[in-house]
Amino acid sequence: MRLALLSGILLACGGGGLSAGEVEDLPSGNAIGTDLSGTYELDALTVACSGSCAPIDAFGLFVTLCDVGDRNSDVAVVTQTDGVLRVDVEDNLSISRLEGGIFNDGSFEIGGVKTELGGRARFISRATGFLDADGWRGELEVRSVGSAEGQSRDCTAIVEVTGERE
């Protein structure tokens, strides 16, 4: 399931988790250049779920918000402009664009907010890790808050993400 990586793995669970203010307008880092720009094939493993993460009935389809042990893959387009890092993921329920900073040691912190269902569901995401010539290694935290079909959710998923440049 293409980039279910972040749909099932990204419906974060847990009251009092990530807020939009924590993931928007993250500072740039001190890296120089564009060497890490490219397309990356990412693999994700959900390692923890907390909060209200039970399956929901969304328009007749049952959607699981977070299942420990789920593995997913996706393609991310990474753009490095010196210390600014932008990651775009297509066809993903919970992630679209994450932005933030990358440092000269390859460490990064990026985040973003995405809405679905006309704004009734919000996905608040933050990824940290390392990006270098060997690929991507990091952790993604995704909090999903909102309601669908009369069911409220506040679910946080912790996902281990690894990947290689295509």
If you round to the nearest 0.5 Å, how far is CZ of R143 from CZ of R122? 9.0 Å
Over all heavy atoms of both residues, which pair between E41 and S73 is shortest? Give the atoms and the distance, please. OE2-CB, 3.6 Å
Closest non-hydrogen contact found for F123 with S144 is CE2-OG, 3.6 Å
Note: L140 and A127 closest approach over all heavy atoms is CD1-CB, 4.0 Å
Only counting residues at least two apart or in another chain, list the ones meeting side chain to side chain donor-acceptor pair (under 3.5 Å) with S28. none
Which donor-acceptor pairs under 3.5 Å do the side chains of residues 75-82 make with protein atoms, sequence neighbours left out?
from, atom 1, to, atom 2, distance (Å)
Q80, OE1, D35, N, 3.3
Q80, OE1, L36, N, 3.0
Q80, NE2, G33, O, 3.3
Q80, NE2, D82, O, 3.2
D82, OD1, G33, N, 2.7

Cys pair C49, C66: SG separation below 2.5 Å: yes
Distance col, row F108:CZ vs F130:CZ, nearest 0.5 angstrom, shows 9.0 Å
How close do A44 and V161 get, counting heavy atoms only, and between which atoms? CB-CG2, 4.3 Å
Taking every non-hydrogen atom, the tightest pair across V113 and A20: CG2-CB, 3.8 Å
Do you know which of I110, I102, V87 makes side chain to side chain contact (heavy atoms under 4.5 Å, CB included) with L131? I102
Taking the side chain as every heavy atom from C-beta outward, state whether D67 and T46 have any atom pair closer than 4.5 Å. no
Looking at V68 and A48, what are the two nearest heavy atoms and their distance? CG2-CA, 3.9 Å
Are V159 and Y40 in one and the same hydrophobic cluster, where Ile, Leu, Val, Met, Phe, Trp and Tyr link if side-chain heavy atoms are under 4.5 Å apart? yes
Run the numbers on D43 and R71 for side chain to side chain contact (heavy atoms under 4.5 Å, CB included), then give the verdict. CA-CA 7 Å; D43 294 307; R71 290 183 177 274; over 6 Å; no
Just wondering, do T128 and E141 contact through their side chains at under 4.5 Å, heavy atoms? no
Test item: I95 and K114 side chains (from C-beta on) under 4.5 Å apart, heavy atoms: no
Test: side chain to side chain donor-acceptor pair (under 3.5 Å). Region: residues 97-107. Which pairs qualify, not counting sequence neighbours? D88-R97, D105-S107
I'd like to know if the side chain of R165 reaches the main chain of S37, judged simply by a donor and an acceptor atom lying under 3.5 Å from each other, with no hydrogens or angles considered. yes
Would you say E24 has more than 12 foreign heavy atoms packed within less than 6.0 Å of its CD? yes
